[in-house]
Number of protein chains: 2
Amino acid sequence: MTENDKLTEEKIFESATEIFIEKGMDGARMKDIADHAGINKALLHYYYRTKDHLFNAVFEKMAGLMFKKFAPVFDERLSFEDKIKFFFREHITFLQQNPRLPAFILYELSRHPERIKKLIQNLDVEKLWETLEKQHEKDLKKYNITKENIPQFMTSVAAMSVFPFLAKPIISGVMEKIGYNFDEYLEQRKSYAPEFILKAISKTNRDELTLT
Amino acid sequence: MTENDKLTEEKIFESATEIFIEKGMDGARMKDIADHAGINKALLHYYYRTKDHLFNAVFEKMAGLMFKKFAPVFDERLSFEDKIKFFFREHITFLQQNPRLPAFILYELSRHPERIKKLIQNLDVEKLWETLEKQHEKDLKKYNITKENIPQFMTSVAAMSVFPFLAKPIISGVMEKIGYNFDEYLEQRKSYAPEFILKAISKTNRDELTLT
DNA sequence: AAATGATTTAACCGAATGGTCAAAATTAAA
DNA sequence: TTTAATTTTGACCATTCGGTTAAATCATTT
């Protein structure tokens with residue numbers, strides 16, 4: 001199947017995805033999307049009535065894709081520790097292939113927070129917690145992860161994986177100055193992050209044990 | 001000094017800051033900024049020639065402000081552990097007062113990565129590292145922070161503090177569903193984050209010590 | 001108070017933008 | 001092969017946007 005065989009609607013959607021992710025809703029131009037898809041501007045409005053419609057289609061698809069990447073963690077039949085390792089390896093690899101996705105999603109959400117509702121309306125947090133608790137009761141106790149501090153824990157995990165992509169220009173800008181390489185940094189992070197997290201939540205009394 | 005006494009240039013700059021942070025470069029309208037400042041649109045161009053000039057002024061000021069907040073850590077005469085605690089308390093408090101700043105800065109940087117150069121041109125990373133090494137030689141050894149893994153460490157610290165603000169709509173959206181409060185979450189984080197970090201970098205062998 | 005320079009405004013401009021529409025081209029149905 | 005339906009296009013439209021200009025207002029100096 002060549003580029004020409006693709007259905008027009010697909011071509012439009014893919015072009016829109018690329019342009020929107022690169023320039024954002026406000027920076028994207030319908031003309032650019034049409035040109036990128038190699039079609040007439042009016043065709044965009046034939047398939048997707050307005051810029052808003054087209055944007056929403058792209059945004060919901062991409063946001064769904066990104067959040068779905070968190071899900072397998074709950075399904076995989078792995079030990080708690082391996083799930084953490086599995087998550088960082090898979091998630092960072094996914095983001096390496098879509099490095100601008102997090103900035104796009106989070107920025108558009110911060111501009112229009114209402115959008116979050118549709119994305120999480122089918123998410124039953126209580127149920128998810130119960131499942132996790134059944135599956136890893138011992139680990140949760142071992143690591144002292146309670147219902148009360150799970151938001152702290154979850155956001156720390158997400159932060160460790162997503163932040164490098166959100167701050168990529170800064171990080172690679174600074175690293176360039178000292179001859180480091182951003183891609184190597186990302187590869188390292190796939191193992192650094194899970195070790196970091198697991199150590200951070202271990203019950204070990206830090207003060208007693210760090211006298212070298 | 002009332003609102004009317006403020007110099008026009010100040011009023012413009014402050015209004016521009018607010019509008020740009022809220023809507024971004026592409027979403028902001030010169031008309032909105034003028035209205036917000038209570039002046040004629042042409043005055044914007046009288047003081048700042050173009051939208052780009054105005055934006056750059058705002059962006060550089062705000063980016064500088066945000067990055068400066070990382071600096072005191074190096075100066076304060078505190079133990080290594082207290083510096084970490086100090087940092088999170090101060091930085092999160094600062095971001096609580098400017099919650100949209102990180103998304104603004106990081107998004108505009110990801111759209112125009114060239115901008116980073118001007119921001120870090122005067123930053124001597126090598127020197128900074130040497131200073132840190134002299135000041136905390138023992139701690140760096142104790143926590144196994146080397147020149148090689150310092151990017152991993154630094155980005156992890158930054159991530160723990162900044163990410164909650166970048167992902168605020170998601171976090172507070174999810175937390176709302178289970179009756180949690182985002183502001184409480186942030187207060188907690190001021191102490192959760194430094195403990196998390198310090199435990200994560202301690203040399204303790206995790207496997208030996210987590211049998212409860 | 002006249003003159004000078006700085007500040008502010010209303011009116012205007014050209015380019016770009018999202019969107020429409022009727023006609024043309026293509027495809028599917030009869 | 002005709003007819004009907006669908007897809008694609010070029011030309012067009014109203015509005016918005018960043019920016020300009022000349023005149024008006026205000027403050028300062030002489």
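Numbers restart at 1 for each chain; the letters A, B, ... are given by sequence-line order, proteins then strands.
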Can you confirm whether the side chains of B:Thr8 and B:Tyr46 place a donor and an acceptor under 3.5 Å from each other?
no
If you compare every side-chain N and O of A:Arg29 against the phosphate oxygens of C:dG18 (OP1, OP2), does one of them come in below 4.0 Å?
yes
Could you state the CG-P distance from A:Leu44 to C:dG18, rounded to the nearest angstrom?
10 Å
Quick note, A:Ala42 side chain, CB onward, closest among D:dG19, D:dT21, D:dT9 is D:dT9
How long is the line joining NZ of B:Lys11 and C1' of C:dT7, in whole Å?
12 Å
Does atom CD (A:Gln135) have a neighbourhood of more than 12 heavy atoms from anything else shown, all under 6.0 Å?
yes
Using a cut-off of strictly less than 4.0 Å, decide whether A:Thr8 has a side-chain nitrogen or oxygen near OP1 or OP2 of D:dT7.
no
Checking the side chain of A:Lys51 only, and the main-chain atoms of A:Ala28 only, is there a donor and an acceptor separated by less than 3.5 Å?
yes
Does A:Phe80 have its ring centroid less than 6.0 Å away from the ring centroid of A:Tyr143?
yes
Among A:Phe13, A:Phe55, A:Phe59, A:Tyr48, exactly one meets ring-ring contact (aromatic ring centres under 6.0 Å, His included) together with A:Phe20. Which residue is that?
A:Phe55
Tell me which of B:Lys41 and B:Gly38 sits closer to the 5' end of DNA chain C, going by the nucleotide each one is nearest to.
B:Gly38
To the nearest Å, how far apart are B:His45 NE2 and C:dA11 P?
18 Å
Between P of C:dA6 and CG of B:Leu7, the distance in whole Å:
16 Å
Please give me every residue in residues 46-54 of chain B whose heavy atoms get under 4.0 Å of an atom in DNA chain D, ordered by residue number.
B:Thr50, B:Lys51
Base, sugar-phosphate, or nothing: which does A:Ala28 touch, judged by heavy atoms less than 4.0 Å apart?
sugar-phosphate
Going by side chain to side chain donor-acceptor pair (under 3.5 Å), B:Lys147 matches just one of B:Glu133, B:Glu130, B:Glu126. Which one?
B:Glu126
To the nearest angstrom, how far is B:Glu9 atom CD from C:dT8 atom P?
10 Å
Side chain of B:Leu43 - closest among C:dG18, D:dT9, C:dT9
C:dT9
Judged by modelled atom types alone, do B:Ser110 and A:Tyr107 share a side-chain donor-acceptor pair under 3.5 Å?
no
Checking D:dG19, C:dG19, D:dT9 against the side chain of A:Ile39 (C-beta onward), the nearest is D:dT9
Find the distance A:Met30:CE to C:dG19:P and express it as a whole number of Å.
6 Å
Give a yes/no on whether any side-chain N or O of A:Asn40 is located under 4.0 angstrom from OP1 or OP2 of D:dG10.
yes
Could you give the CG-to-P distance, from A:Asp26 to C:dT17, as a whole number of Å?
13 Å
